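Note on naming: letters A, B, ... go to the chains in the order of the sequence lines (proteins, then strands), and numbering restarts at 1 for each one. Computed from a predicted model, the values in this text were never measured in an experiment.
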Amino acid sequence: MSKAVRTRFAPSPTGYLHVGGIRTALFAWLLARQAGGQFVLRLEDTDQKREVEGAAQHISDSLRALGLDYDEGPDKPGDYAPYRQSERLDIYKKWAQKLLDSGRAYADPYGNEEVQKFREQAQKEKKAFLYRNFVSEEQRNDTAWNPKAYATGRGGVPLRFKSDPKAYAWHDEVMGEMSTGPEVVDDFVLIKSDGFPTYNFAHIVDDAEMRISHVIRGQEFLASVPNYLNLYEALKLERPILATMPPIMNEQGNKKLSKRDGAKDILDYLREGYLPEALISFIATLGWNDGTEQEIFTTKELIDKFDLDRVQKGGARFDQRRLLWANGHFIRQMELDELYELVSGQRGLKTGERRTESEEGQSFWPAEADEASEAYKKQVLGLVQERMKYFAELPELTRFFFTDLPVDMSLIKNHKKLKKFDTSELKDLLQRTENALETSDFSADDLQAKLNQLLEDTGHKPAVLLSLIRIATTWAPASPGLAETLAVLGKQKTFARLKTSVKALENS
RNA sequence: GGUCCCAUCGUCUAAUGGUUAGGACAUCAGGUUUUCAUCCUGAAAAUAGGGGUUCGAUUCCCCUUGGGAUCACCA
């Protein structure tokens with residue numbers, strides 16, 4: 001019988017989450033959900049210096065906003081609580097003692113400065129730095145590590161792992177068969193002088209204690225795996241299934257995507273009106289595909305189809321344009337009522353989940369739409385749905401439906417057809433338009449019929465007449481179809497704008 | 001420099017010995033009575049290089065080149 005699937009996402013609370021972290025979390029979550037297992041959030045806050053206030057909340061907000069719900073976590077205690085490493089110091093102490101008892105750990109005889117010198121020496125010799133080359137066997141047997149210094153933050157001496165260097169061959173669910181020689185196994189620090197464990201030690205202990213079945217993480221840890229394998233053996237722990245994710249590269253493709261490269265907070269995408277499901281689909285296909293020609297996946301499909309075997313080994317670049325396309329795709333698929341609620345901030349971006357503070361009640365409508373009725377806004381939204389790539393575009397797409405835009409003659413002067421006409425001719429055409437639409441009931445169908453008649457009567461091409469009317473009634477660089485737009489604007493606004501435009505042409 | 005990983009259109013990728021090397025994003029050109037977008041049609045666009053193995057290599061092996069990760073009391 002196979003072990004129950006329990007996966008974890010274990011970030012350190014040092015800031016926000018970007019697509020890289022989210023992808024790791026997503027894949028771990030998918031694995032748990034498809035197997036009916038559990039997904040655990042664990043905070044690796046063992047470096048007090050780097051901890052950022054509010055980061056923990058930010059992380060859980062981000063996961064929740066995307067629908068990556070966790071079964072156990074700092075704010076959702078389960079059988080293996082606590083889920084914050086800073087609250088698990090006793091557990092690491094217990095395991096450290098085991099290593100001391102079995103002679104597999106020792107008190108670090110050197111201070112920081114000395115180690116730094118060793119490192120420089122190794123670098124000068126163009127060799128990889130191996131700590132164990134600088135300690136004697138006698139030093140490595142010094143198990144008189146003072147546990148009293150533990151967690152006091154004062155006068156502590158680091159505890160080192162006494163490694164047993166050997167060659168390893170192991171299987172990685174993504175990378176396949178891996179192998180390394182003994183030269184990469186080293187005596188790393190288990191417990192720092194401040195009494196906190198290192199990641200290298202804490203995660204091994206926690207994954208075992210928490211019964212984690214699959215460890216999914218970025219390739220920055222790949223080189224350390226032999227050390228971990230050595231530690232598993234010393235601890236007599238069964239090792240979990242390992243899966244190494246390829247890096248997500250920046251847009252230039254020359255290094256791993258990072259905050260420095262402008263990798264955005266995933267919540268910023270939500271604030272700009274990207275849909276959680278579009279983000280999920282996009283991020284999942286950054287380094288994974290199901291082998292078919294399907295390009296867009298619902299989260300449900302991902303749970304069904306995701307497979308570590310099909311994760312790429314090489315890095316993939318983050319391509320903003322593809323995300324934009326995916327988001328537009330999801331927006332077009334959406335029911336108008338649902339889209340309206342999201343765009344109007346009537347519900348959080350993630351259905352059925354608690355909204356995060358930052359996005360609660362966020363409306364994307366332009367301020368000018370405040371007084372407009374829901375029915376009116378819905379009609380407007382229906383017209384721009386297929387051209388909106390993300391919600392933050394809504395104001396520029398719809399502002400003219402709610403307020404009169406200033407007359408901008410450059411729209412006519414720069415128009416390739418209209419610029420050839422005298423303003424008096426254009427003015428005349430607008431007046432004929434008024435006459436033609438006077439009897440319309442302002443339904444889109446009837447408007448279209450009247451406009452067709454006008455085209456016939458004036459003998460002008462659509463590119464001339466319809467362009468002119470479109471500009472004169474919106475003064476926007478772009479707008480939806482003319483008949484639909486006028487139908488939504490209504491007779492009153494349409495005529496008011498036509499008159500304004502006639503006057504403007506007279507005065508120009 | 002040591003160690004490990006990777007290498008198909010600009011980008012994300014399919015094809016795990018036999019295909020005119022497929023799809024999508026982006027780009028360009030046409031079409032859908034105006035604009036922007038959608039949608040449709042079409043175009044251009046790739047197996048890094050060199051050796052093997054094989055009747056036959058994108059695919060297997062080796063070398064070169066290129067790229068990435070790592071070599072912390074950070075994770």
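For the P atoms, the distance linking B:G68 with B:C62 amounts to 23 Å, nearest Å. Between the P atoms of B:G2 and B:U27, the separation comes to 44 Å (whole Å). Spacing of P atoms, B:C5 relative to B:C61, comes out at 12 Å, to the nearest Å. The P atoms of B:U53 and B:C12 are separated by 34 Å, rounded to the nearest whole Å. Atom name C1', nucleotides B:C40 and B:G52: the rounded distance is 49 Å, in whole Å. Nucleotides B:G42 and B:C4 have their C1' atoms positioned 46 Å apart, rounded to a whole Å.
B:C12 atom C1' lies 14 Å from atom CD of A:Q320, rounded to whole Å. A:N250 has its CG atom 14 Å from the P atom of B:G67, to the nearest Å. In this structure, CZ of A:F400 is placed 10 Å from C1' of B:U35, rounded to the nearest angstrom. The separation between A:W288 atom CH2 and B:A24 atom C1' is 14 Å, rounded to whole Å.
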For nucleotides 18-22 of chain B, list the nitrogen or oxygen atoms of the protein found under 3.5 Å from its nitrogen or oxygen atoms, one pair per line.
from, atom 1, to, atom 2, distance (Å)
B:G22, O2', A:E293, OE2, 2.9

Below 3.5 Å is the cut-off: list the nitrogen or oxygen pairs between protein and nucleotides 45-48 of chain B, distance only.
none

List the steps, then state whether salt bridge (charged side-chain N to carboxylate O under 4.0 Å, His left out) holds for A:D187 with A:K162.
CA-CA 5 Å; A:D187 292 2; A:K162 185 184 175 188; over 6 Å; no
Evaluate A:K127 against A:Q121 for side-chain hydrogen bond (donor to acceptor under 3.5 Å, both in side chains), listing each step before the verdict.
CA-CA 9 Å; A:K127 279 171 26 186; A:Q121 189 182 328; over 6 Å; no
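Annotation: A:W365 is in aromatic contact with A:F402 [ring centroid separation under 6.0 Å]. You'll find the ring centres of A:W325 and A:F330 outside the 6.0 Å limit.
Within the 4.0 angstrom heavy-atom criterion, no nucleotide atom of any strand lies near A:R217. Among the protein residues, A:G328 comes within range of no part of the nucleic acid, since none of its heavy atoms lies under 4.0 Å from any strand. When heavy atoms are screened at a 4.0 angstrom cut-off, A:M178 is found touching the sugar-phosphate backbone but no base atom.
Between A:E295 and A:R322 a salt bridge is recorded (basic side-chain N to carboxylate O distance below 4.0 Å).
Among residue pairs with one or both ends in residues 386-410 of chain A, those qualifying as salt bridge (Lys or Arg N to Asp or Glu O under 4.0 Å) are A:E368-A:R399, A:D404-A:R497; sequence neighbours excluded.
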Heavy atoms under 4.0 Å is the rule here; annotate nucleotides 26-33 of chain B 5' to 3' with B where the base is hit, S where only the sugar-phosphate is, and - elsewhere.
S------B
What string of B, S and - do you get for nucleotides 68-75 of chain B, 5' to 3', if B is base contact, S is sugar-phosphate-only contact and - is no contact with any protein heavy atom under 4.0 Å?
SSSBSBSB
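Contact check of residues 13-28 of chain A against RNA chain B (heavy atom, cut-off under 4.0 Å) returns no residues at all.
Evaluation of atom-type donor-acceptor distances gives no pair under 3.5 Å for the side chain of A:R317 against the base of B:C12.
In this structure, A:Q312 reaches the B:A14 phosphate: one of its side-chain N or O atoms is under 4.0 Å from OP1 or OP2.
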